[in-house]
Amino acid sequence: MMYSSRRKPVLYFKDDRRSCFMCFKISRSESQRMQRHEEVHFLSRKCTVWKLFGFCMVFVLGSLLWVQLTCSGDMNQTVGYSHLPHQPCPIERQSSSADDPSWGPHKMALIVPFRERFEELLIFVPYMHAFLNKKKIRHNIFIINQVDRFRFNRASLINVGYMESGNDTDYIAMHDVDLLPQNEDLDYGFPEEGPFHVASPELHPLYHYKTYVGGILLLTKKHYQMCNGMSNRFWGWGREDDEFFRRLKTAKLELFRPTGITTGTKTFRHIHDPAWRKRDQKRIAAQKQEQFKVDPEGGLTNLRYKVESRKEVTISGAPCTVISVVLECDLSQTPWCQSS
(Lines give C-alpha, C1' and ligand atoms only; values in the text may rest on other atoms or scores of the structure.)
Protein backbone atom coordinates (compact mmCIF):
# COMPACT_ATOMS: atom_id res chain seq x y z
CA MET A 1 0.00 0.00 0.00
CA MET A 2 2.80 2.30 0.84
CA TYR A 3 4.42 1.52 -2.42
CA SER A 4 1.25 2.27 -4.22
CA SER A 5 0.75 5.50 -2.28
CA ARG A 6 4.25 6.63 -3.24
CA ARG A 7 3.61 5.91 -6.85
CA LYS A 8 0.57 8.09 -7.11
CA PRO A 9 2.31 11.42 -6.60
CA VAL A 10 5.00 10.35 -8.99
CA LEU A 11 2.46 9.32 -11.55
CA TYR A 12 0.49 12.51 -10.98
CA PHE A 13 3.62 14.61 -11.32
CA LYS A 14 4.60 12.95 -14.56
CA ASP A 15 1.15 13.29 -15.94
CA ASP A 16 1.04 16.93 -14.97
CA ARG A 17 4.40 17.68 -16.55
CA ARG A 18 3.51 15.74 -19.64
CA SER A 19 0.25 17.60 -19.79
CA CYS A 20 2.00 20.92 -19.42
CA PHE A 21 4.58 19.87 -21.96
CA MET A 22 1.85 18.84 -24.37
CA CYS A 23 0.02 22.07 -23.72
CA PHE A 24 3.20 24.03 -24.37
CA LYS A 25 3.87 22.01 -27.48
CA ILE A 26 0.37 22.55 -28.78
CA SER A 27 0.58 26.24 -27.95
CA ARG A 28 3.90 26.58 -29.73
CA SER A 29 2.63 24.61 -32.72
CA GLU A 30 -0.44 26.82 -32.91
CA SER A 31 1.73 29.91 -32.70
CA GLN A 32 3.98 28.67 -35.46
CA ARG A 33 0.98 27.79 -37.58
CA MET A 34 -0.51 31.24 -37.10
CA GLN A 35 2.88 32.82 -37.85
CA ARG A 36 3.16 30.80 -41.05
CA HIS A 37 -0.40 31.79 -41.94
CA GLU A 38 0.44 35.46 -41.46
CA GLU A 39 3.61 35.06 -43.53
CA VAL A 40 1.70 33.32 -46.33
CA HIS A 41 -0.99 35.99 -46.15
CA PHE A 42 1.65 38.74 -46.31
CA LEU A 43 3.49 37.05 -49.16
CA SER A 44 0.21 36.44 -50.98
CA ARG A 45 -0.76 40.09 -50.60
CA LYS A 46 2.72 41.19 -51.65
CA CYS A 47 2.62 38.85 -54.66
CA THR A 48 -0.79 40.21 -55.66
CA VAL A 49 0.53 43.80 -55.56
CA TRP A 50 3.53 42.87 -57.69
CA LYS A 51 1.29 41.02 -60.13
CA LEU A 52 -0.94 44.09 -60.45
CA PHE A 53 2.07 46.36 -60.90
CA GLY A 54 3.53 44.03 -63.54
CA PHE A 55 0.22 43.86 -65.40
CA CYS A 56 -0.02 47.67 -65.45
CA MET A 57 3.53 47.97 -66.78
CA VAL A 58 2.85 45.42 -69.54
CA PHE A 59 -0.35 47.27 -70.47
CA VAL A 60 1.39 50.67 -70.59
CA LEU A 61 4.32 49.36 -72.63
CA GLY A 62 1.96 47.56 -74.99
CA SER A 63 -0.10 50.73 -75.48
CA LEU A 64 3.02 52.80 -76.21
CA LEU A 65 4.22 50.20 -78.70
CA TRP A 66 0.82 50.16 -80.42
CA VAL A 67 0.77 53.97 -80.72
CA GLN A 68 4.31 53.96 -82.10
CA LEU A 69 3.49 51.33 -84.70
CA THR A 70 0.23 53.03 -85.64
CA CYS A 71 1.55 56.57 -86.00
CA SER A 72 5.04 56.06 -87.32
CA GLY A 73 4.99 52.39 -88.17
CA ASP A 74 7.30 51.67 -91.03
CA MET A 75 4.67 51.24 -93.73
CA ASN A 76 7.40 51.95 -96.21
CA GLN A 77 9.09 48.65 -95.35
CA THR A 78 5.75 46.86 -95.48
CA VAL A 79 5.13 47.87 -99.08
CA GLY A 80 8.73 47.83 -100.18
CA TYR A 81 9.56 51.54 -100.15
CA SER A 82 12.25 51.58 -97.49
CA HIS A 83 13.76 54.75 -98.99
CA LEU A 84 10.71 56.83 -98.08
CA PRO A 85 10.64 58.96 -94.92
CA HIS A 86 8.50 57.84 -92.01
CA GLN A 87 4.93 59.02 -92.30
CA PRO A 88 3.74 61.70 -89.96
CA CYS A 89 0.97 60.60 -87.63
CA PRO A 90 -2.35 61.81 -89.12
CA ILE A 91 -4.16 61.67 -85.78
CA GLU A 92 -1.82 64.27 -84.27
CA ARG A 93 -2.34 66.60 -87.19
CA GLN A 94 -6.14 66.50 -87.21
CA SER A 95 -7.01 69.82 -85.72
CA SER A 96 -10.65 70.80 -85.57
CA SER A 97 -11.18 72.97 -88.65
CA ALA A 98 -14.96 73.32 -88.53
CA ASP A 99 -15.04 76.62 -86.61
CA ASP A 100 -11.42 77.73 -86.98
CA PRO A 101 -11.21 80.81 -89.26
CA SER A 102 -7.47 80.30 -89.75
CA TRP A 103 -8.29 77.37 -92.07
CA GLY A 104 -10.02 79.71 -94.50
CA PRO A 105 -13.40 79.40 -96.23
CA HIS A 106 -12.38 77.15 -99.16
CA LYS A 107 -12.35 73.37 -99.40
CA MET A 108 -10.39 71.22 -101.83
CA ALA A 109 -11.49 68.04 -103.59
CA LEU A 110 -8.27 66.09 -104.00
CA ILE A 111 -8.99 63.82 -106.99
CA VAL A 112 -6.82 60.75 -107.54
CA PRO A 113 -7.35 58.72 -110.76
CA PHE A 114 -6.68 55.16 -109.72
CA ARG A 115 -6.36 51.56 -110.81
CA GLU A 116 -4.54 48.75 -108.97
CA ARG A 117 -1.98 50.99 -107.24
CA PHE A 118 -2.75 49.81 -103.72
CA GLU A 119 0.85 49.91 -102.47
CA GLU A 120 1.12 53.58 -103.44
CA LEU A 121 -2.35 54.32 -102.09
CA LEU A 122 -1.48 53.04 -98.60
CA ILE A 123 1.31 55.60 -98.49
CA PHE A 124 -0.41 58.44 -100.33
CA VAL A 125 -3.65 58.90 -98.37
CA PRO A 126 -2.25 59.22 -94.81
CA TYR A 127 0.72 61.25 -96.06
CA MET A 128 -1.38 63.79 -97.96
CA HIS A 129 -3.99 64.00 -95.21
CA ALA A 130 -1.31 64.92 -92.67
CA PHE A 131 0.44 67.27 -95.12
CA LEU A 132 -2.75 69.23 -95.91
CA ASN A 133 -3.86 69.32 -92.27
CA LYS A 134 -0.55 70.84 -91.27
CA LYS A 135 -1.06 73.53 -93.92
CA LYS A 136 -4.66 74.00 -92.71
CA ILE A 137 -6.20 73.08 -96.06
CA ARG A 138 -9.79 71.85 -95.77
CA HIS A 139 -10.05 68.84 -98.04
CA ASN A 140 -11.73 65.61 -99.06
CA ILE A 141 -9.70 62.89 -100.77
CA PHE A 142 -11.49 61.12 -103.63
CA ILE A 143 -10.02 57.92 -105.04
CA ILE A 144 -11.64 57.37 -108.46
CA ASN A 145 -11.16 53.67 -109.06
CA GLN A 146 -11.63 52.40 -112.64
CA VAL A 147 -13.10 48.87 -112.54
CA ASP A 148 -14.22 48.32 -116.15
CA ARG A 149 -12.51 46.19 -118.82
CA PHE A 150 -11.16 49.11 -120.83
CA ARG A 151 -7.69 50.63 -120.78
CA PHE A 152 -6.87 53.17 -118.08
CA ASN A 153 -8.29 56.65 -118.79
CA ARG A 154 -6.83 59.21 -116.39
CA ALA A 155 -8.64 62.19 -117.91
CA SER A 156 -12.09 60.59 -117.73
CA LEU A 157 -11.50 59.57 -114.11
CA ILE A 158 -10.64 63.18 -113.21
CA ASN A 159 -13.86 64.26 -114.93
CA VAL A 160 -15.74 61.73 -112.82
CA GLY A 161 -14.03 63.05 -109.68
CA TYR A 162 -15.16 66.56 -110.54
CA MET A 163 -18.75 65.41 -111.05
CA GLU A 164 -18.83 63.34 -107.83
CA SER A 165 -16.95 65.73 -105.52
CA GLY A 166 -20.09 67.37 -104.11
CA ASN A 167 -21.16 70.95 -103.50
CA ASP A 168 -19.14 71.43 -100.31
CA THR A 169 -15.85 71.73 -102.25
CA ASP A 170 -15.04 74.72 -104.45
CA TYR A 171 -11.73 73.73 -106.04
CA ILE A 172 -10.01 70.54 -107.18
CA ALA A 173 -6.50 69.11 -107.16
CA MET A 174 -5.75 66.73 -110.04
CA HIS A 175 -3.21 64.60 -108.17
CA ASP A 176 -1.16 61.55 -109.20
CA VAL A 177 -1.07 58.81 -106.56
CA ASP A 178 2.68 58.27 -106.95
CA LEU A 179 3.80 61.88 -106.35
CA LEU A 180 4.38 63.10 -102.78
CA PRO A 181 5.22 66.74 -101.96
CA GLN A 182 8.32 66.97 -99.74
CA ASN A 183 8.50 70.75 -99.32
CA GLU A 184 5.94 72.28 -96.94
CA ASP A 185 6.29 75.67 -98.67
CA LEU A 186 4.34 74.34 -101.66
CA ASP A 187 1.03 76.14 -102.03
CA TYR A 188 -2.16 74.03 -102.05
CA GLY A 189 -4.46 76.96 -101.35
CA PHE A 190 -7.44 78.22 -103.35
CA PRO A 191 -6.20 79.15 -106.89
CA GLU A 192 -8.40 82.20 -107.27
CA GLU A 193 -6.35 83.96 -109.96
CA GLY A 194 -6.02 80.95 -112.21
CA PRO A 195 -4.88 77.31 -112.47
CA PHE A 196 -1.87 76.62 -110.24
CA HIS A 197 0.57 73.93 -111.37
CA VAL A 198 2.14 72.61 -108.15
CA ALA A 199 4.39 70.02 -109.88
CA SER A 200 5.95 72.54 -112.26
CA PRO A 201 8.58 71.40 -114.82
CA GLU A 202 11.57 72.75 -112.88
CA LEU A 203 10.47 70.83 -109.76
CA HIS A 204 9.10 67.56 -111.12
CA PRO A 205 11.58 64.66 -110.84
CA LEU A 206 10.87 63.38 -114.38
CA TYR A 207 9.14 65.86 -116.72
CA HIS A 208 10.71 69.20 -117.51
CA TYR A 209 9.15 70.57 -120.74
CA LYS A 210 7.50 73.98 -120.56
CA THR A 211 3.96 72.95 -121.50
CA TYR A 212 3.79 70.18 -118.91
CA VAL A 213 0.77 70.55 -116.58
CA GLY A 214 0.55 67.01 -115.17
CA GLY A 215 1.32 65.53 -111.75
CA ILE A 216 -0.45 68.04 -109.51
CA LEU A 217 -2.68 70.82 -110.86
CA LEU A 218 -5.11 73.00 -108.87
CA LEU A 219 -8.17 74.66 -110.43
CA THR A 220 -11.33 76.27 -109.15
CA LYS A 221 -14.42 74.37 -110.19
CA LYS A 222 -15.46 77.37 -112.23
CA HIS A 223 -12.23 77.29 -114.24
CA TYR A 224 -12.48 73.53 -114.76
CA GLN A 225 -16.02 74.00 -116.07
CA MET A 226 -14.78 76.72 -118.43
CA CYS A 227 -12.41 74.14 -119.97
CA ASN A 228 -15.21 71.57 -120.24
CA GLY A 229 -13.00 69.31 -118.17
CA MET A 230 -10.53 66.99 -119.91
CA SER A 231 -10.86 65.04 -123.13
CA ASN A 232 -12.21 61.49 -122.82
CA ARG A 233 -10.36 60.26 -125.93
CA PHE A 234 -7.12 59.33 -124.17
CA TRP A 235 -7.08 55.62 -123.32
CA GLY A 236 -3.77 54.28 -122.10
CA TRP A 237 -0.98 56.36 -120.62
CA GLY A 238 0.05 59.88 -121.61
CA ARG A 239 -0.85 62.95 -123.73
CA GLU A 240 -4.07 63.95 -121.91
CA ASP A 241 -2.17 66.65 -119.96
CA ASP A 242 -0.77 68.16 -123.17
CA GLU A 243 -4.27 68.40 -124.63
CA PHE A 244 -5.52 70.02 -121.42
CA PHE A 245 -2.78 72.68 -121.64
CA ARG A 246 -4.34 73.73 -124.95
CA ARG A 247 -7.75 73.91 -123.28
CA LEU A 248 -6.38 76.30 -120.67
CA LYS A 249 -5.13 78.55 -123.45
CA THR A 250 -8.44 78.33 -125.33
CA ALA A 251 -10.31 79.34 -122.14
CA LYS A 252 -7.80 82.24 -121.77
CA LEU A 253 -6.80 81.13 -118.31
CA GLU A 254 -3.39 82.19 -117.03
CA LEU A 255 -1.28 79.37 -115.62
CA PHE A 256 0.60 79.98 -112.35
CA ARG A 257 3.51 78.03 -110.86
CA PRO A 258 5.46 78.00 -107.57
CA THR A 259 8.08 80.64 -106.87
CA GLY A 260 10.80 80.71 -104.23
CA ILE A 261 11.12 76.92 -103.99
CA THR A 262 14.81 76.04 -103.72
CA THR A 263 14.61 72.24 -103.39
CA GLY A 264 14.61 71.65 -107.17
CA THR A 265 13.80 68.15 -108.35
CA LYS A 266 13.93 66.94 -104.73
CA THR A 267 10.72 68.87 -104.03
CA PHE A 268 8.70 65.71 -104.72
CA ARG A 269 9.13 62.00 -104.07
CA HIS A 270 8.13 59.82 -107.01
CA ILE A 271 7.17 56.38 -105.68
CA HIS A 272 6.25 54.66 -108.95
CA ASP A 273 8.33 51.58 -109.74
CA PRO A 274 8.30 51.09 -113.53
CA ALA A 275 9.96 47.68 -113.25
CA TRP A 276 7.16 46.38 -111.06
CA ARG A 277 4.16 48.07 -112.67
CA LYS A 278 4.69 49.06 -116.30
CA ARG A 279 2.60 51.77 -117.89
CA ASP A 280 0.31 51.10 -120.82
CA GLN A 281 2.00 53.14 -123.55
CA LYS A 282 0.69 51.21 -126.55
CA ARG A 283 -0.62 53.21 -129.51
CA ILE A 284 -3.30 51.26 -131.36
CA ALA A 285 -4.69 51.91 -134.86
CA ALA A 286 -5.40 55.64 -135.42
CA GLN A 287 -4.44 56.52 -131.84
CA LYS A 288 -0.96 57.57 -132.98
CA GLN A 289 -2.41 60.40 -135.06
CA GLU A 290 -5.39 61.28 -132.87
CA GLN A 291 -3.36 61.74 -129.69
CA PHE A 292 -1.87 65.00 -130.98
CA LYS A 293 -5.19 66.54 -132.01
CA VAL A 294 -7.33 68.94 -129.99
CA ASP A 295 -10.71 67.58 -128.88
CA PRO A 296 -12.94 70.68 -129.30
CA GLU A 297 -16.19 69.12 -128.05
CA GLY A 298 -15.38 66.23 -125.74
CA GLY A 299 -15.07 66.53 -121.99
CA LEU A 300 -17.65 66.91 -119.24
CA THR A 301 -20.39 67.21 -121.86
CA ASN A 302 -19.88 63.72 -123.33
CA LEU A 303 -18.64 61.87 -120.25
CA ARG A 304 -20.38 58.51 -119.79
CA TYR A 305 -19.87 56.45 -116.66
CA LYS A 306 -21.62 54.42 -113.96
CA VAL A 307 -20.82 54.43 -110.24
CA GLU A 308 -20.49 50.84 -109.03
CA SER A 309 -19.88 51.74 -105.39
CA ARG A 310 -19.02 54.63 -103.11
CA LYS A 311 -17.32 53.85 -99.81
CA GLU A 312 -15.93 55.96 -97.00
CA VAL A 313 -12.73 54.28 -95.81
CA THR A 314 -9.87 55.08 -93.43
CA ILE A 315 -6.21 54.32 -94.10
CA SER A 316 -3.94 54.66 -91.05
CA GLY A 317 -6.37 57.13 -89.51
CA ALA A 318 -6.81 59.19 -92.69
CA PRO A 319 -10.30 59.31 -94.27
CA CYS A 320 -10.97 59.11 -97.99
CA THR A 321 -13.81 58.31 -100.37
CA VAL A 322 -13.30 55.44 -102.83
CA ILE A 323 -15.60 55.69 -105.85
CA SER A 324 -15.49 52.64 -108.13
CA VAL A 325 -16.66 53.52 -111.63
CA VAL A 326 -17.30 51.84 -114.97
CA LEU A 327 -16.41 54.03 -117.94
CA GLU A 328 -18.20 53.74 -121.26
CA CYS A 329 -16.37 53.70 -124.58
CA ASP A 330 -17.74 54.55 -128.02
CA LEU A 331 -15.86 52.04 -130.17
CA SER A 332 -16.76 53.94 -133.32
CA GLN A 333 -14.96 57.02 -131.99
CA THR A 334 -12.11 55.56 -129.92
CA PRO A 335 -11.59 51.88 -130.77
CA TRP A 336 -8.23 52.04 -128.96
CA CYS A 337 -10.03 51.94 -125.61
CA GLN A 338 -9.62 48.16 -125.83
CA SER A 339 -6.30 46.40 -125.64
CA SER A 340 -4.99 44.95 -128.88
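Note that the structure is a prediction, hence the values are computed from the model and not measured.
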Undergrad: List the residues meeting side-chain contact (heavy atoms from CB on, under 4.5 Å) with N145, not counting sequence neighbours, and say none if there are none.
TA: F114, V147, V322, S324
Undergrad: Report yes or no: do Y305 and E164 form a side-chain donor-acceptor pair below 3.5 Å?
TA: yes
Undergrad: Just so I know, are the side chains of W336 and R233 near enough to count as touching, which here means a heavy-atom distance under 4.5 Å?
TA: yes
Undergrad: Would you call K135 and E184 a salt bridge, using N to O less than 4.0 angstrom?
TA: no
Undergrad: Taking the six-membered ring for Trp, are W235 and F152 ring centroids under 6.0 Å apart?
TA: no
Undergrad: Does a donor on one side chain sit under 3.5 Å from an acceptor on the other, for H139 and Y171?
TA: no
Undergrad: List the atom of H223, the atom of G194, and the distance in Å for their closest heavy-atom pair.
TA: CE1-CA, 3.8 Å
Undergrad: Taking it one step at a time, do H175 and Y188 satisfy side chain to side chain donor-acceptor pair (under 3.5 Å)?
TA: CA-CA 11 Å; H175 211 301; Y188 274 75; 3.1 Å; yes
Undergrad: Taking only distance into account, with no hydrogens and no angle test, what donor-acceptor pairs under 3.5 Å do side-chain atoms of residues 155-163 form with protein atoms, sequence neighbours excluded?
TA:
residue : atom : partner : partner atom : Å
S156    : OG   : N153    : OD1          : 3.2
S156    : OG   : N153    : ND2          : 3.2
S156    : OG   : N232    : OD1          : 2.8
N159    : OD1  : Y224    : OH           : 2.6
N159    : OD1  : M230    : N            : 3.0
N159    : ND2  : M230    : O            : 2.8
N159    : ND2  : N232    : OD1          : 3.0
Y162    : OH   : Q225    : OE1          : 2.9

Undergrad: Check R151 against R115 and note the closest heavy-atom contact, atom names and distance.
TA: C-NH1, 3.8 Å
Undergrad: Answer yes or no: is there an ion pair linking R247 with E243, defined by an N-O contact shorter than 4.0 Å?
TA: yes
Undergrad: Are the side chain of D241 and the backbone of V213 linked by a donor-acceptor contact shorter than 3.5 Å?
TA: no
Undergrad: Mark yes or no for whether R310, through its side chain, and I323, through its backbone, hold a donor-acceptor pair below 3.5 Å.
TA: no
Undergrad: Is there a donor-acceptor pair closer than 3.5 Å between any side-chain N or O of D148 and the backbone N or O of L327?
TA: yes
Undergrad: Side chains of residues 251-258: which donor-acceptor pairs under 3.5 Å do they make with residues two or more places apart or in other chains?
TA:
residue : atom : partner : partner atom : Å
R257    : NE   : H197    : ND1          : 3.2
R257    : NH1  : K210    : O            : 3.3
R257    : NH2  : K210    : O            : 3.2
R257    : NH2  : Y212    : O            : 2.5

Undergrad: I'd like to know if the side chain of T169 pairs up with that of K221 as donor and acceptor (distance under 3.5 Å, no hydrogens or angles considered).
TA: yes
Undergrad: Looking at every heavy atom in both P181 and F268, which two are closest together, and how far apart are they?
TA: CA-CD2, 3.6 Å
Undergrad: Should I216 and M174 count as side-chain neighbours, where that means a heavy-atom distance under 4.5 Å?
TA: no
Undergrad: Under a 3.5 Å threshold, yes or no: a donor from one side chain and an acceptor from the other, between Q182 and T267?
TA: no
